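Since the structure comes first, as structure tokens, the remarks are kept for the end.
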Amino acid sequence: MHGNHNAAQTAVWREEARLRTEDRARVAALRQSSGLPKRLMLLLALLGPGILVMIADNDAGGVITYAQTGATYGLGFFIPALVVGGLIAFLVQEMTVRLGAVTHRGHAEMIWGRYGAFWGWFSLIDLVMANTLTLITEFIGITVGMSVFGVPPVLSALGGLAVDAAILLVLRYRAWERVSMWIAAGNLVFVPLALMAHPHWDRVAAAFQHWSVPGGFTAAFVFVVLANFGTTIAPWMLFFQQSSVVDKGLTVADVRHGQIDTALGSLAMVVVAVAVVILTGTEVFGHPGVQHYGIQQILTFLGRRLGTTGESLMALGLVEAGTIAAIALTASTSWATGEAFGWPRSINLPVRQAWRFYVPGLLSAAVAAGIVLIPQAPLGFLNLTVQVLASIFMPAALLFLLLLLNDREIMGIHVNRLWQNISAVTIVGLLVALNGAYGLSVIFPHGL
Amino acid sequence: MRPRKQRVQVVDPHDPVPLKRVTPRRSIQIVFWGLRVYIALMVVLVIIGFFHGVR
């Protein structure tokens with residue numbers, strides 16, 4: 001599977017190494033400089049994988065989930081729960097920074113090389129399936145958002161696919177990362193939207209004290225909890241951030257900055273997610289029939305309450321969320337496939353030399369864009385189901401991560417400390433428990 | 001007597017670590033098999049939930 005390295009492949013890898021060396025020389029020069037401005041520039045140079053993975057986690061499916069959650073359950077349980085989710089996401093993603101910086105190998109490559117082809121195929125198929133399903137929700141968000149501006153779904157789906165492809169194919173890693181981060185900054189549009197709703201901040205604060213659950217612990221509540229955790233922590237995030245760390249060329253000297261990068265990303269993710277819940281929890285919650293509202297109804301409702309500006313900003317936020325996640329998921333699929341099959345795999349590589357690297361990711365995006373255009377597809381429930389499926393596969397992905405982070409032969413002194421293992425095992429236990437509760441709620445829908 | 005010259009091995013900090021296949025301990029293998037069963041069961045339950053219309 002990892003094949004023979006011929007002369008052409010060697011030349012491609014040398015070109016990849018040359019481009020990465022240029023980026024690393026820039027970082028090395030900043031590291032040797034003193035003074036606060038230079039230190040800040042060093043931090044900015046090393047930011048990227050953590051912020052991108054966390055902001056991309058607030059994808060279209062996530063925004064839709066948060067909007068429906070706020071509309072159905074108001075300003076209660078889910079606000080502090082999302083803060084906890086952000087902390088959990090940081091604890092998990094920080095491990096991928098260390099793993100990538102120490103080993104200089106992607107997650108798929110590590111699983112394949114360390115545990116063999118069976119687990120390699122298992123992880124790769126899981127990831128590609130989950131990424132493609134998740135990409136469907138991204139294109140749902142893009143088409144729904146653009147429909148507010150009168151753009152037909154065909155045009156918006158094709159447009160989103162074109163942007164995704166262009167950014168990946170034309171730009172080299174450093175430019176790809178910087179452009180993606182500018183797109184990711186658009187995620188913050190939900191913060192002024194939440195402020196436009198004039199929420200009762202005392203009720204937001206009270207949510208942290210009481211963790212109230214309107215309607216009690218019903219099957220539907222368990223389903224929504226699972227969907228929220230599914231959108232906060234997903235397997236693709238492990239693969240994406242580790243591959244991104246490797247492609248960026250981070251080393252053990254950069255681990256601290258990688259941790260800061262991940263922490264900043266987690267903070268931004270939580271702020272935006274909570275903002276969306278506050279927005280719909282204030283404007284939509286409590287109105288008759290909201291528990292059945294899809295994203296289109298929520299957009300229309302927000303338009304009536306906040307005016308055209310509010311509806312347009314929400315729609316733009318949805319389009320941005322779908323776009324940044326599509327960029328991340330496409331890269332994630334390409335990196336994982338390249339690692340699994342031993343192909344040259346870097347966004348630094350030109351298309352002509354590494355077309356096999358680019359094809360899997362773009363093909364999955366094209367399939368997802370096509371599915372979205374199928375008439376009468378149950379888009380709302382498909383969105384929630386995608387999130388639930390991701391949280392079901394997550395325990396396996398975390399188990400591999402734990403095994404690798406405790407492998408002293410490859411990690412050396414950077415293995416997990418006891419508290420990190422306790423945290424990771426607790427997270428796996430929490431996800432397994434939530435999934436088990438969901439299973440019981442399906443078998444005994446009236447008996448929880 | 002002059003000391004022998006020693007080769008200095010320069011390690012590129014970007015060199016990937018060597019990867020060797022390992023066989024997980026029996027306890028870990030049992031956990032993985034349990035995980036497979038669990039995932040298959042949960043996927044079936046999600047499909048049941050879809051047709052029952054949990055939402």
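Proteins get letters first, then strands, A, B, ... in listed order; numbering begins at 1 in each. The shown structure was predicted, so the numbers you read here are calculated from the model rather than taken from an experiment.
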With rounding to the nearest 0.5 angstrom, report the CG to CH2 distance, B:L19 to A:W112. 13.5 Å
Counting only heavy atoms not in A:R256, do more than 12 fall under 6.0 Å of its CZ? no
Taking atom CD of B:Q29 and atom OH of A:Y115, what is their separation to the nearest 0.5 Å? 11.5 Å
Restricting to non-hydrogen atoms, name the atom on B:V17 and the atom on A:V102 that form the minimum distance, rounded to 0.1 Å. CG1-O, 3.5 Å
Search all heavy atoms of B:V31 against all heavy atoms of A:L399 and return the closest pair with its distance. CG1-CD2, 3.6 Å
Across all chains, not counting sequence neighbours, the side chain to side chain contact (heavy atoms under 4.5 Å, CB included) partners of A:T96 are A:Q93, A:L238, A:Q241, A:Q242, A:L401
At a 4.5 Å cut-off on heavy atoms, which part of B:I28 comes close to chain A: side chain, backbone, both, or neither? side chain
Using the ring centroid of each side chain, check whether B:F32 and A:F122 are separated by less than 6.0 Å. no
Taking every heavy atom of B:P18 against every heavy atom of A:R105, the minimum-distance pair comes out as CA-NH2, 4.3 Å
Checking A:R114 against chain B: side chain, backbone, both or neither under 4.5 Å from a heavy atom? both
